[in-house]
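Convention: sequence-line order gives letters A, B, ...; per-chain numbering from 1. Please read all numbers here as calculations on a predicted model, not as lab measurements.
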2 protein chains.
Amino acid sequence: MAKNIQSLERAAAMLRLLAGGERRLGLSDIASSLGLAKATAHGILRTLQHEGFVEQDPGSGRYQLGAELLRLGTTYLDVHELRARALVWTDDLARSSGEAVYLGVLHQHGVLIVHHVFRPDDSRQVLEVGAMQPLHSTALGKVLAATDPVAHAELVDAKREPFTARTVTELDEIERTLDLTRAQGYAVDNEETLEGVAAVAAPIYDRRRLAVGAVGITGAVERVCRDGELRPELIAAVRDTARSVSRDLGAKPF
Amino acid sequence: MAKNIQSLERAAAMLRLLAGGERRLGLSDIASSLGLAKATAHGILRTLQHEGFVEQDPGSGRYQLGAELLRLGTTYLDVHELRARALVWTDDLARSSGEAVYLGVLHQHGVLIVHHVFRPDDSRQVLEVGAMQPLHSTALGKVLAATDPVAHAELVDAKREPFTARTVTELDEIERTLDLTRAQGYAVDNEETLEGVAAVAAPIYDRRRLAVGAVGITGAVERVCRDGELRPELIAAVRDTARSVSRDLGAKPF
DNA sequence: GTGCTCCGTTCGACAATGCTAAACGCTATC
DNA sequence: GATAGCGTTTAGCATTGTCGAACGGAGCAC
């Protein structure tokens, strides 16, 4: 396979570094973190700044992510076919289930949330579009890993963090869970990612029957579970929504 | 001044092209649009795809914006200091005014919305974070142009489109409006951008008294105007919010 | 079914660019 | 006042990015 362009790879690494923990980084920190000469790092930053991908704080001279990323990220959402097709169905699912709805796709080592409908009540909620979720513990992640070989490989290679006492991290047990997900057509997260929170998700297919994403709901276990299991009517609603979106994407019903 | 890195400039141009009208573009279209050889464009796209900034549709071979842009764009928002400081105040403003609240910063030739609080009612609303607004007709834009010389230069250089019959496009008249904005500390958009919609915005300053953004409210003229003018209590509320955010950013009150 | 056009992709030669050591001016610290 | 380390700039050079040519494949017209 042909090589990639080195300066583009370095620029991408720089943007990811700036997206890490620290809000702003100095040029020397960036250079040393990436093993580059200061002049090299400076040339890349100067170009990224000119294009709006990076901004420099005039006072301290440090660099941070730039506004052009927000603009392009928003455009990514605007033209995202799966999301566009799912918009109506996910509003309906939030209304009928009374819970928060999420739409996720595989991105790098996890699930990227591309749509989020707030739980239809008056509580204060935070929009999670753009957030990443793990593959091994979340309902969305298990669905993607069960239906998409690339996602499966990412899950296998990843470090599986035990977020709660109920998080499954053993690969054998996870594989059995994925087999069950394939058989029953949905996955469940019963306090594996957050204590007190449960979720259910189902896969969305395109016209070639390839999995392209997953839709799910999330809520407090007191509301979404009964006798320690996800409420069947919620599972049915999520699967109905997934089928509807799949049909809109051209997938033939079996 | 030193030159920027050509391949990074080309990559940025490619991403902006993909963010334009068409959802997906073919390699040959991209190459000819940017005046590049196909092999050159292909090398850049291959690298952008590897880094997640671009995705290729397996069926048609065409290219579109990638998910990494959403992730980085969201991180830009998460670490944006102005937005972080403004979050609480803008929620209060939406409640007290009963209207939608926007927070904008200068980006390229316009106003980039970095925060948007929905009007506190049950109507269906679309999140506009990431959207661009023009400088010449919007309240946010006029505030930025009145307080930030860079924004002012962008407004002067830009093509001033008449969105409604009330849009002011003559530079002399706009300069008088900006003088008024500086004098009174706020700007108004009375059906200049959208018919039936009015807005008011005020500037936000940092600790060096530099304008770093603007906050405003937008609503139907029937609600936000009285006798053809913006309601004074709404103007006062917006200006109070702008002062509060400015103080949080370290600006001393005069 | 055949021929044609144009697609995205690959390869290798080469010239232009990106890389970087060194030096600079500036600021903060001691 | 001296020092350290910051971001920035310059010039030389080696490596990389560019691109012409060719390829296999898909779609379309006849």
Spacing between [X] atom [atom1] and [N] atom [atom2], to the nearest angstrom:
X	N	atom1	atom2	value
Gln49(B)	dG8(C)	CD	P	13 Å
Arg62(A)	dC6(D)	CZ	P	11 Å
Lys3(B)	dC19(C)	NZ	C1'	14 Å
Tyr63(B)	dC7(C)	OH	C1'	11 Å
Lys38(B)	dA21(D)	NZ	P	13 Å
Glu9(A)	dG18(C)	CD	P	15 Å
Leu34(B)	dT18(D)	CG	C1'	15 Å
Glu55(B)	dG8(C)	CD	C1'	18 Å

* Between His42(B) and dG8(C), is there a side-chain N or O to OP1/OP2 distance below 4.0 Å? ->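 His42(B) to dG8(C) OP1/OP2: no side-chain N or O under 4.0 Å.
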* Side-chain N or O of Ser28(B) closer than 4.0 Å to phosphate OP1/OP2 of dC7(C) -> yes
Among [options], which nucleotide sits nearest the side chain of [X]?
X	options	value
Gln56(A)	dT10(C), dT16(D), dG7(D)	dG7(D)
Thr40(A)	dT16(D), dC19(D), dT20(C)	dT20(C)
Gln6(B)	dT9(D), dT18(D), dG20(D)	dT18(D)
Ala37(A)	dC19(C), dG7(D), dA21(C)	dA21(C)
Ile5(A)	dT8(D), dC19(C), dT18(D)	dT18(D)

* Asked: With ring centroids as reference points, do His136(B) and Phe163(B) lie under 6.0 angstrom apart?
  -> yes
* **Spatial distance of atom CZ (Arg182(B)) from atom OG1 (Thr177(B)) [nearest 0.5 Å]** => 10.5 Å
* Asked: Does Leu249(A) reach the side chain of Arg207(A), with side-chain heavy atoms less than 4.5 Å apart?
  ->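 Contact flag for Leu249(A)/Arg207(A) side chains = no.
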* Does the side chain of Arg23(B) come within less than 4.5 Å of Arg62(B)'s, by heavy atoms? -> no
Under 4.0 angstrom, heavy atoms only, what part of the nucleic acid is [X] near: base, sugar-phosphate, or nothing?
X	answer
Gly43(B)	nothing
Ser7(A)	sugar-phosphate
Arg10(B)	sugar-phosphate

* If you pin Asp29(A) and Leu36(B) to their nearest nucleotides in DNA chain D, which one's is more 5'? -> Asp29(A)
* Asked: Does the side chain of Glu154(B) pick up a donor-acceptor pair with the side chain of His107(B) at under 3.5 Å?
  ->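 The criterion, which ignores hydrogens and geometry beyond distance, is not satisfied for His107(B) and Glu154(B).
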